[in-house]
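Read the structure below first, then the notes.
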Amino acid sequence: YHYPVPKIFYVQLSVGSREFIGEGRTRQAARHNAAMKALQALRNEPIPERPPQMELDEVVHAWNDHRIRSTNNPRAPNGRPTLMHVVPNLYGVPNFLQPASQTELEICLEECLFKDFPCDVDVFHLCTELMTQHILVMSDDVYEITNLYVRLRQMISDGLGE
């Protein structure tokens, strides 16, 4: 009697110059395994310096190469997302874009509520105080701001734990 050999799927995930091999009983399980390996390995690494435009270009490229597959739901459109957005009538979906006049835009701007603080007032004051105490500065660089946010969040968490 021959025992059935379990089928094992392997996937390769590339993150920058690093590669991670995942395995599992299904393709999805193998993908999850590779992703978990990558997350564990990259968790403590600093965020690489990259111009934001390069990141946006990568997203646009991935978006344009992507194809939404058809489903049993007749109301769910399928096809290339970029074409679906630009020429929705080709996919049998309504075009929801509506032109707006300059007057309408100005009225909307007048009715908008703009905050003086980017978050809760108390959290904002606490963060500015922590930044002053620890000589931390704001930056125009997205990665430095992200690191500042993570550091401030950790300081607040540590302060609440005491």
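Index from 1, following the sequence. Source: prediction; values computed, not measured.
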Cut-off 3.5 Å, no hydrogens considered: what does the side-chain donor-acceptor table look like for residues 100-107, sequence neighbours left out?
from, atom 1, to, atom 2, distance (Å)
S101, OG, E104, N, 3.2
S101, OG, E104, OE1, 3.4
E104, OE1, S101, N, 2.8

Query raised in the report: Does the side chain of E129 come under 3.5 Å of the side chain of H125 through a donor N or O and an acceptor N or O?
Result: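 No, because no side-chain N or O of E129 sits under 3.5 Å from a partner of the opposite role on H125.
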Requested in this report: Determine whether the side chains of R151 and Q154 contain a donor N or O and an acceptor N or O closer than 3.5 Å.
Outcome: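 On atom types as modelled, these side chains do not qualify, holding no pair under 3.5 Å.
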Query raised in the report: Has the side chain of N33 got a donor or acceptor atom that lies under 3.5 Å from a matching backbone atom of E23?
Result: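 Answer holds: yes.
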Contact check, side chains of [X] and [Y], non-hydrogen atoms, under 4.5 Å:
X    : Y    : answer
Y10  : I8   : yes
S139 : N147 : no
L42  : F20  : yes
L152 : L136 : yes
I21  : V11  : no
M131 : L148 : yes
E144 : M138 : no

Query - Members sharing V142's hydrophobic cluster (side chains within less than 4.5 Å) - result: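 Members alongside V142: none; it stands by itself.
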Query raised in the report: Is the number of heavy atoms from other residues, nucleotides or ligands within 6.0 Å of CD (Q133) greater than 12?
Result: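 Atom CD in Q133 is packed in, count exceeds 12.
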Report task. Treat each ILVMFWY residue as a node, draw an edge where side-chain heavy atoms are under 4.5 Å apart, and state whether L160 and V123 are in one component. Result ->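 No.
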Report task. Return the minimal non-hydrogen interatomic distance between G22 and K37, and the atom names on each side. Result ->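 Where G22 meets K37 most closely, the heavy atoms are CA-NZ, 4.5 Å.
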Report task. Check step by step if side chain to side chain contact (heavy atoms under 4.5 Å, CB included) holds for I156 and L126. Result -> CA-CA 8 Å; I156 292 171; L126 177 61; 3.8 Å; yes
Requested in this report: Under the side chain to side chain donor-acceptor pair (under 3.5 Å) rule, collect the residues that match up with R25, sequence neighbours excluded.
Outcome: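 R25 satisfies side chain to side chain donor-acceptor pair (under 3.5 Å) with no residue once adjacent residues are dropped.
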